[in-house]
Amino acid sequence: MDTDALLEQVLDGRSISRGEALALINGVKVGTKEMYLLMHAADSLTRMTFDNRGEVHAQIGVNIGPCPKNCGFCVFGERHGLAPKPVELSPEEVVKRARTAQKEGANAIYLMTTADYDIDRFLSTGREVRNAIDVKMPLVANIGDFNTEEANELVDAGFTAVYHVVRLREGVDTEVDPEERLRSIAAAKAAELDISYCVEPIGPEHSSEEIMESMFRGRDLGVAIQATMRRIPIAGTPLFGNGQISEIEQAKVTAVARLAMKDIYAMGVHEPNAPSLLSGANMIYAETGSNPRDIAEDTREGRGRSVAACKRMLQEAGFKTFDGPAPSLQGWLRE
Ligand code: SF4
């Protein structure tokens with residue numbers, strides 16, 4: 001089947017198979033008519049399904065410091081020698097930033113830590129944030145691996161979702177067992193936490209097959225949000241020399257990932273970029289505090305965008321923005 005015919009069928013409501021996704025990643029070249037048809041199909045699907053709504057999710061990086069998981073792309077990997085001395089936001093500061101993000105119109109709040117951060121301290125801060133924000137505001141944990149009991153404790157503390165991913169070359173470029181990641185996701189699902197997923201961190205060395213398998217892992221796991229993230233090469237990290245894919249190459253992956261994921265509630269792109277917002281993405285992140293892609297102690301002063309800047313970017317791409325809780329991570333309200 002040619003690309004035009006396939007994309008017509010997608011717009012009529014058909015899902016794409018693994019083989020078709022692979023054919024699109026391999027066969028569609030940037031700058032061709034097929035590329036714009038692919039972008040159009042994914043963009044149309046998103047705008048129709050989500051009523052042209054764009055979402056801003058605000059992430060607060062709670063701590064920085066050396067992390068024993070040594071991910072080859074992360075500034076915090078302790079062996080890379082780049083991590084600054086440990087710094088941690090106080091619970092009061094995390095609450096203040098969550099309140100500020102909500103006031104600025106964020107649609108979900110994420111709390112992120114390094115993988116070995118103490119879970120009890122995290123739960124305590126989570127409870128304080130939960131009590132300070134809208135009762136329906138999605139509260140998302142972006143933390144290291146956790147077991148079933150800890151997943152239930154996240155729910156009890158007021159979290160409604162987790163951002164948890166089996167990263168590209170997990171266990172090869174990281175010191176994290178991919179099976180452990182899958183066990184955490186299973187624990188989150190058993191606790192009825194929504195899953196925010198991502199094909200990440202994409203670099204030039206990743207094959208089309210690896211990228212496709214990552215997309216379909218998200219589909220098989222029944223995640224609420226799919227996304228793509230390109231790797232930001234940080235000088236001094238082991239994967240720095242591999243370079244970076246372009247935003248337009250990422251947009252192609254975003255479009256195929258969107259077509260592979262019909263039953264999601266939002267499609268994200270990190271870091272925010274315009275080509276992906278015309279290729280099926282409708283959700284981007286505002287960031288404060290620590291950021292594994294940034295050498296700045298507080299990413300507000302570095303790579304992180306504000307909620308206002310994210311809203312402007314969505315609007316420039318033709319999306320409607322709104323203040324208050326996102327519909328995308330409201331699994332606890334859906335049944
Ligand atoms: S990405 Fe997360 S798990 Fe990996 S080194 Fe950085 S903080 Fe640790």
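Order of listing sets the numbers, starting from 1, for every ligand and every atom in it. One-based numbering along the sequence shown. Because only heavy atoms are used, hydrogens play no part in the values below, and waters and symmetry mates are left out as well, while side chains stay in.
Between Phe122 and Phe159, the distance separating the two ring centers is shorter than 6.0 angstrom.
Proximity to Ala115 (heavy-atom distance under 4.0 Å) selects the following atoms of ligand 1: 3 (S). Counting atoms of ligand 1 from 1 in the listed order, those under 4.0 Å from a heavy atom of Arg167 are 1 (S).
Evaluated for a side-chain contact (heavy atoms from CB on, under 4.5 Å) with Pro68, the options Asp116, Val176, Thr114 yield exactly one hit, Asp116.
Taking atom 6 (Fe) of ligand 1 as the reference point, the nearest protein heavy-atom neighbour is Cys74 SG, 2.3 Å.
Under a 4.0 Å N-O distance rule, the pair Arg217/Glu170 does not qualify as a salt bridge.
Side-chain atoms of Thr254 and Thr228 form a donor-acceptor pair, as typed in the model, at a separation below 3.5 Å.
The option from Gly61, Gly65, Pro66, Cys71 that lies nearest to atom 4 (Fe) of ligand 1, judged by heavy atoms, is Cys71.
In this structure, the side chain of Asn242 does not engage the main chain of Pro204 through any donor-acceptor pair within 3.5 Å.
For a distance bound of 2.8 Å, the N, O or S atoms of Cys67 include none lying that close to atom 6 (Fe) of ligand 1.
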